[in-house]
Amino acid sequence: MRIFKYLLCAMLFASFSLYAQNEEKAERQQGHTNQNKFKQLYDEFSTPNMFRTGSGAPGPNYYQQQADYKMDIEIDDDNAKLHGDETITYTNNSPDDLRYLWVQLDQNMRARDSKTPLISGSGIRPATSSSRAVKSYLQESFDGGFHIEAVKDTDGKDLPHTINRTMMRVELPQVLKSGEKFSFQIKWWYNINDHVKDGGRSGYEYFEENDNRIYVIAQFYPRMAVYNDVEGWQNSQFWGRDEFALPFGNFDVNITVPADHILDGTGVLTNREEIFTKDMMKRYKKAQKSYDEPVMIVTQEEAEKTEKSKSKAKKTWKLSAKMVRDFGFATSRKFLWDMMAVKLETKDVMAVSLYSKEGNPLWGQWSTKTVASTFKTYSRMTFDYPYHKSISVHAPMGMEYPMISFNFGRPDKEGNYSDRTKYGMISVIIHEVGHNWFPMIINSDERQWTWMDEGLNTFTQYVAEQDFAEWFPDALSPNDKTYPSRRGPAKNIVRYMGGNQDYIAPIMTKGLNTYQFGNNAYGKPATALNILRETVMGRELFDYAFKEYANRWKFKHPTPEDFFRTMEDASAIDLDWYWRGWFYTTDYTDIGIKEVKKFAVSGTPNDNGKRLADQYNRDPNSLVYFIEEGAEGYDDAMKAGGTIDNVPTVKEYIMDNFTPKEQKQMKKAPKYFYQVTFDKPGGLVMPIIVEYTYADGTKARETYPAQIWRLNDKEVSKAIASDKEIVSITVDPDLETADVDTSNNTWPKEVKESDFDKFKNKVTD
């Protein structure tokens, strides 16, 4: 009896088993190609060591260098020049002896002899504007590079140095051994660029009305390059696109500007009592306790009065910052200034905005509240903001530095603005303030891995935009109460990923060398992380692992491997297949339904069933048969309307092997059987998200893990048993996987009306 039961179980799905055997044979034959998609990333990853562990955490011998700065800066407002004098104290925490130091001279990208304009192709346009013609062929290029006047040790002795475009090598008088410090001085000046006309991450905007400028100043001082365990000196040249790799340190900066200027920047204002008027101090103290609305420190009326005249006197603002990787500031006599307090889980911080009257009413309404909202989301996703403030500065571009960012978005002259302008401003503020976490604190190498700051930040920006919409519904359009996030949703990256492969590069490409920089460094990695969170891992596992990465690497220098390894280490999910597909290739998602076969269950053999019985040397009446639609006996089986538990051999098996209690606990017996074959024209392996719609109008969803493709990268079949008839099947119904071609995602296949047919039918109607 036991032998009979065993054989009956083995043959219960005899017809499906034969198909599965053939399928497995085909999979084995294709295994040499299919294995690559799930191959572990050992070949791509560095070997774990004492500096960086296999778990993705810093190792016991992890180190990082420190660079401390003391600076005196002055802006010559009449001539738009910046003069500086700095003392750098460099601490060698590495196990290596250093013979020289590398200093970054980013402003040299604007020098007259800069090579930056020469690395991009150009041609003659058939027609161009007069201004472009003058700029291209008549106007002498702007001289914006550093003028280094002196490089000396603290005793005033000249230090030999060599300038190689945007890098300067400073020769040490003696080897700087592990654990030692070295201090030296640099004196310099440069012409500040008009970043509205000439572009750039910093500079000034000129207002002809009262002959005034708004200065947003960064990359203004010679900055130490990074030295680490991964590649030694990060002294890759700055060509203008790839941003910065910088060590942490402490800054004490004295900035002298015209006495009627308002200034703020990285760090604590240490001479506030000296700089502020009594009214400003009273307003500042009020702002420290205002959690709902910003408090004006400098009003529009006061700013408009100040910008009408120019003071000949000077004033020095003193800022001090601890454990930051960079420094930026903004100054102008045109500035309005508002602030409000934000309560985080462990502390209060200040959201701050600097803007001119040209930004109102938009900036007064939403800038500081957007900073506050960003604090809350990013702190929830990572860790509480560790600094005391973040400043949003009104400027014609977006750029970020510790505690300060420059953000665009301006109404017209009458103060009117569109939803597009409003959402653009809110999004850029979220993005640039968010950069305080990535990479200002979680200090990745932007010069090498642009996506590690832009991509991770754009992903978190998407989460913050959805939070903003929930917390500030009044900011949304009355016609659409959803936030129109540009990047993050899977459907928004489809056009890029399904585009011309000749002009797409893997995410793991140096930013300078990528096609379609915005999609590659911002859009695709942000989408990859959003899909990972919503579809592959789930929010709980993803958020825990993401927060773990942030906390492991705050105030440190992570690499891509540290991120990849931590996400797996903290979630217990093997994601090598995901990193490989999304980050190391240009593959795209395209999963469809190749075919659907319907079967009826029967205990009566047809001719094919009899052949199967002979093959197994069994009595034909002892087997369960699945008869494909259109084959002999299908119609009779369906008319009989029997479910699988009514097949005599199945009844007998159940009676012999299950107690009455166990029989009552069995699920409802299926009557309908389907074999669904999914194919994958696209290269990316992804989960198959399927929605089944039944004849009674109900629906059910199933997500088959990506590992379903592990043995056959082309197609895979699933047997579906149901007590209800399936009338339609849809793959990726909510467009979660960035599928580039949805025409193969439904069964029965949807016939979509062409644009021509739509037009023809409209005319006919």
Side-chain angles (χ1 to χ4, degrees), residues 251-307 311 313 315-324 327-357 359-361 363-376 379 384-394 401-405 407 429 433 436 471-472:
F251 288 72
D252 288 301
V253 184
N254 303 323
I255 309 170
T256 300
V257 294
D260 52 1
H261 271 217
I262 294 298
L263 182 149
D264 206 351
T266 304
V268 176
L269 181 61
T270 60
N271 64 336
R272 190 183 305 274
E273 296 278 356
E274 175 187 333
I275 291 290
F276 274 27
T277 65
K278 290 182 179 180
D279 285 341
M280 290 171 67
M281 279 302 303
K282 188 183 298 183
R283 297 166 185 171
Y284 173 70
K285 290 177 180 178
K286 180 181 177 182
Q288 289 179 303
K289 297 178 181 178
S290 176
Y291 296 93
D292 298 319
E293 292 293 332
V295 174
M296 298 304 304
I297 310 302
V298 176
T299 67
Q300 181 162 333
E301 181 182 2
E302 290 166 340
E304 288 180 350
K305 180 180 179 181
T306 301
E307 71 177 26
S311 172
K315 187 182 289 185
T316 298
W317 300 65
K318 298 180 180 181
L319 292 161
S320 179
K322 306 297 182 186
M323 201 58 175
V324 294
F327 193 99
F329 67 94
T331 182
S332 177
R333 59 179 56 87
K334 289 177 63 63
F335 276 149
L336 290 71
W337 201 358
D338 72 37
M339 304 178 186
M340 67 180 285
V342 183
K343 188 172 291 296
L344 302 179
E345 187 174 334
T346 60
K347 61 188 296 190
D348 286 1
V349 294
M350 297 297 290
V352 183
S353 292
L354 286 170
Y355 49 100
S356 65
K357 67 178 187 292
N360 264 340
W363 273 69
Q365 289 172 333
W366 294 117
S367 175
T368 299
K369 288 182 178 179
T370 303
V371 176
S373 175
T374 306
F375 276 148
K376 293 178 181 178
S379 294
D384 272 5
Y385 185 66
Y387 302 128
H388 72 292
K389 69 179 179 185
S390 185
I391 314 156
S392 172
V393 183
H394 186 207
Y401 304 92
M403 305 184 218
I404 186 169
S405 58
N407 305 303
I429 291 174
V433 172
N436 276 286
W471 297 333
F472 297 106

In chain order, what residues pass the salt bridge (charged side-chain N to carboxylate O under 4.0 Å, His left out) check against [X], with sequence neighbours excluded?
{"X": "D260", "result": "R333"}
{"X": "K334", "result": "E307, E358"}
{"X": "E302", "result": "R283"}
{"X": "K343", "result": "D348"}

Kindly give the heavy-atom pair with the smallest separation between [X] and [Y], and that separation in Å.
{"X": "L336", "Y": "K357", "answer": "CD1-N, 3.6 Å"}
{"X": "A351", "Y": "V371", "answer": "CB-CG1, 3.6 Å"}
{"X": "G267", "Y": "A321", "answer": "CA-CB, 3.7 Å"}

Atom pair [atom1]/[atom2] of [X] and [Y] - distance to nearest 0.5 Å:
{"X": "H261", "Y": "I275", "atom1": "NE2", "atom2": "CD1", "value": "12.5 Å"}
{"X": "I262", "Y": "T306", "atom1": "CD1", "atom2": "OG1", "value": "7.0 Å"}
{"X": "D384", "Y": "T346", "atom1": "CG", "atom2": "OG1", "value": "3.5 Å"}
{"X": "L269", "Y": "H388", "atom1": "CG", "atom2": "NE2", "value": "8.0 Å"}
{"X": "L354", "Y": "S332", "atom1": "CG", "atom2": "OG", "value": "9.5 Å"}
{"X": "F329", "Y": "Y401", "atom1": "CZ", "atom2": "OH", "value": "11.5 Å"}

Who passes side chain to side chain donor-acceptor pair (under 3.5 Å) against [X], sequence neighbours left out?
{"X": "S392", "answer": "S367, N407"}
{"X": "N254", "answer": "D72"}
{"X": "D338", "answer": "Y355, T368"}
{"X": "E304", "answer": "Q300"}

Is there a side chain to side chain contact (heavy atoms under 4.5 Å, CB included) between V324 and M403? Walk through the geometry before answering. CA-CA 9 Å; V324 294; M403 305 184 218; 3.8 Å; yes
Suppose the criterion is salt bridge (charged side-chain N to carboxylate O under 4.0 Å, His left out): which pairs have a residue in residues 290-300, not counting sequence neighbours? E293-K369
Tell me, with the steps shown, if D264 and K389 meet salt bridge (Lys or Arg N to Asp or Glu O under 4.0 Å). CA-CA 11 Å; D264 206 351; K389 69 179 179 185; 2.6 Å; yes
So with a 6.0 Å cut-off around NZ of K305, is the heavy-atom count from everything else above 12?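 It does not: K305 NZ has 12 such atoms or fewer within range.
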Got a sec: does the NZ of K315 have more than 12 other heavy atoms crowding it under 6.0 Å?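 Counting neighbours around NZ of K315, more than 12 heavy atoms of other residues, nucleotides or ligands fall under 6.0 Å, so yes.
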For W317, enumerate each residue passing the ring-ring contact (aromatic ring centres under 6.0 Å, His included) test, keeping only those at least two apart in sequence or located in another chain. none
Only counting residues at least two apart or in another chain, list the ones meeting ring-ring contact (aromatic ring centres under 6.0 Å, His included) with Y284.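 Per chain and number, Y284 pairs via ring-ring contact (aromatic ring centres under 6.0 Å, His included) with no residue.
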Would you confirm whether T266, through its side chain, and G328, through its main-chain N or O, come within 3.5 Å as a donor-acceptor pair? yes
Judged by modelled atom types alone, do T256 and T316 share a side-chain donor-acceptor pair under 3.5 Å?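 Looking only at side-chain atoms, T316 and T256 do form a donor-acceptor pair, the distance falling under 3.5 Å.
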Begin with the C-alpha distance, continue with both residues' side-chain angles, and end with the deciding distance and a verdict on side chain to side chain contact (heavy atoms under 4.5 Å, CB included) for M350 and V342. CA-CA 6 Å; M350 297 297 290; V342 183; over 6 Å; no
Please assess T370 against W363 for the test side chain to side chain contact (heavy atoms under 4.5 Å, CB included), listing each intermediate value before the final yes or no. CA-CA 10 Å; T370 303; W363 273 69; over 6 Å; no
Please collect all ring pair (Phe, Tyr, Trp, His ring centres under 6.0 Å) contacts where either partner lies in residues 333-354, sequence neighbours excluded, each pair once.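 The answer is F276-W337.
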Any chance you could lay out the side chain to side chain contact (heavy atoms under 4.5 Å, CB included) test for Y385 and K376, step after step, and finish with the verdict? CA-CA 9 Å; Y385 185 66; K376 293 178 181 178; over 6 Å; no
